[in-house]
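Each chain gets a letter, A, B and so on, in the order the sequences are listed, and its residues count up from 1.
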Protein chains: 2
Amino acid sequence: MNLAMHKQASLNPLLWKLDAIADLSDQDKQAILDLPMSVKVFEADSDIVRDGDRPSECCLVLSGFTCRYKILSDGKRQIMGFYIPGDIPDLQSLHLKVMDHSIGALATSSIALIPHESLHAVLERHPGLDAVMWRDTLIDAAMFRAWMIGIGRRSAYQRIAHLLCELQMRLKAVGLAGENGYDLPVTQNELGDALGLSTVHVNRVLQDLRGEGLIVLRGGTLHIPDWEALQVAGDFDPAYLHLKR
Amino acid sequence: MNLAMHKQASLNPLLWKLDAIADLSDQDKQAILDLPMSVKVFEADSDIVRDGDRPSECCLVLSGFTCRYKILSDGKRQIMGFYIPGDIPDLQSLHLKVMDHSIGALATSSIALIPHESLHAVLERHPGLDAVMWRDTLIDAAMFRAWMIGIGRRSAYQRIAHLLCELQMRLKAVGLAGENGYDLPVTQNELGDALGLSTVHVNRVLQDLRGEGLIVLRGGTLHIPDWEALQVAGDFDPAYLHLKR
DNA sequence: CGAAGAATTGAAAGCCATCAACCGCCGTGG
DNA sequence: CCACGGCGGTTGATGGCTTTCAATTCTTCG
């Protein structure tokens, strides 16, 4: 990647993200940079795409923090994933016309909207990109599976540790985490909805993790004093993220 | 679909399945029928693909009953999905080189093995098929999400009802379920591993479901006396399966 | 008929949810 | 400048769904 492209990459977290999961040719990268998109800012707690929608564009997270969630008939919410800059949480809408869940902003987020037709056209002309995008949705599915395993078979303590590990890896891949910590603009209530736990229990387990010296979490900033130990506590194996390094 | 093709379709459950989730051209169908494949029979409780493998072929279920699962470091097993004739549980291996979980046979199953290179070649020449296959993996991901919601936010009673509903819909789509029931060659232990429940609790909840008159389950055969009621009990909405009808 | 696996039952314990209250921070407005 | 209001975080008590352990019955099949 030459200097000019590097500069553009910093403007486009999508390239950072794709670079972390696959090898892209320069033509493919340029094609991405040439994609038409309109940028829109979403306030915290607002919906970007709603359950039942038939989107005609995909949303690329440029900054902020978003999540995939669904509201059940009894009002409970299950968050199924957190999406950070570089992610396209509704890439699937390219091939699944009706949304079966919602995408929402947890913090103020700027979102690039890319028309389906533009994406389809680019993917058709760049088979390599098509493969990478497919791969991205497959990694998304792998994260669902990891999440499922956590909810199904791990204790609350392990689950939270695992989630914090996953975010560390993913945020670092797009340059948004340091070696041992990151900003986590997520409430304990939202963590609970993500992990299938009550807010109260999340609070208590976080205190346990703090007590063990595994995390320092204050004011939306997470510090991980001992990365190895946290991985062990969360039974975390990053293989499922399918990152290149 | 003309008569000749219909006949071949009965030989290839994959066509039935794809027909249920997308519109295929006759050329696309023929391309699928022309795929080279070798058939292999797997005994119950044997692995078809293993965690850590780097498959060079995809496995298409022709008959039997298989599942996707992962063993945790403490020995617990989480089953992440059941796969039935017409499904290609490791289609993802086309773009994710290393398996992050295993595929196993729950009942004796005949599996068609299709070389990656053949699939890649066909998908390249048939963009429509490429889209359908991508769509298939996206529906797989949607099932993970539905599963996750169940484990995270639904009671054991709802979860089991929901799973039985899902299988009814999917089996019917490939002609393996009647209007109100199907063969379910799955032990209560396996149901538990799928739903994040203990065997004992699965047993008790099944008795509850029987007591409510929602299911009749004996000797691996499930009968659903009141389909509507079971859907309500499981809070089941088939939208996530993205079936055409 | 015997053995192995699957289903079932009972009792006890534990993790986590629920309910309810209180604290602390921070932005707003008088 | 300080009171107010709201949200997020924290704490305590209680209860229930589910697990675990253990033992028994039922099924299937060689």
Quiz item: If you take atom types as modelled and just measure distance, does the side chain of A:Arg204 reach the base of D:dG9 with a donor-acceptor pair under 3.5 Å?
Solution: no
Please state how far atom [atom1] in [X] lies from atom [atom2] in [N], giving the value in whole angstrom units.
| X | N | atom1 | atom2 | value |
| --- | --- | --- | --- | --- |
| A:Asn189 | C:dA17 | CG | P | 12 Å |
| B:Asp74 | D:dT20 | CG | C1' | 14 Å |
| A:Ile151 | D:dT18 | CD1 | C1' | 17 Å |
| B:Leu217 | C:dT8 | CG | P | 8 Å |
| A:Leu197 | D:dC17 | CG | P | 18 Å |
| B:Leu191 | C:dA6 | CG | P | 12 Å |
| B:His201 | C:dA7 | NE2 | C1' | 16 Å |
| B:Ile160 | D:dC17 | CD1 | P | 15 Å |

Quiz item: Does A:Arg68 make a cation-pi contact with A:Phe82 (under 6.0 Å, within 45 degrees of the axis)?
Solution: no
Practice problem: Report yes or no: is the cationic atom of B:Arg170 (NZ for Lys, CZ for Arg) under 6.0 Å from the centre of the six-membered ring of B:Tyr182, at an angle within 45° of the ring normal? | Solution: no
Candidate nucleotides [options], ranked by approach to the side chain of [X] - the nearest:
| X | options | result |
| --- | --- | --- |
| A:Val200 | C:dA20, D:dA22, C:dA6 | C:dA20 |
| A:Arg159 | C:dA6, C:dC16, D:dC21 | C:dC16 |
| A:Ala156 | C:dA7, D:dC21, C:dC16 | C:dC16 |

Looking at every strand, decide which applies to [X] at a 4.0 Å heavy-atom threshold: base, sugar-phosphate, or nothing.
| X | value |
| --- | --- |
| B:Leu206 | nothing |
| A:Thr199 | nothing |
| A:Thr187 | sugar-phosphate |
| A:Gly196 | sugar-phosphate |

Looking at [X] and [Y], does any basic side-chain N land under 4.0 Å from a carboxylate oxygen?
| X | Y | result |
| --- | --- | --- |
| A:Asp136 | A:Lys17 | yes |
| B:Arg50 | B:Asp53 | no |
| A:Lys70 | A:Asp100 | no |

Answer yes or no: does a side-chain N or O of [X] lie under 4.0 Å from OP1 or OP2 of [N]?
| X | N | answer |
| --- | --- | --- |
| B:Arg210 | C:dT8 | yes |
| B:Asn203 | C:dT8 | yes |
| B:Gln207 | C:dA7 | no |

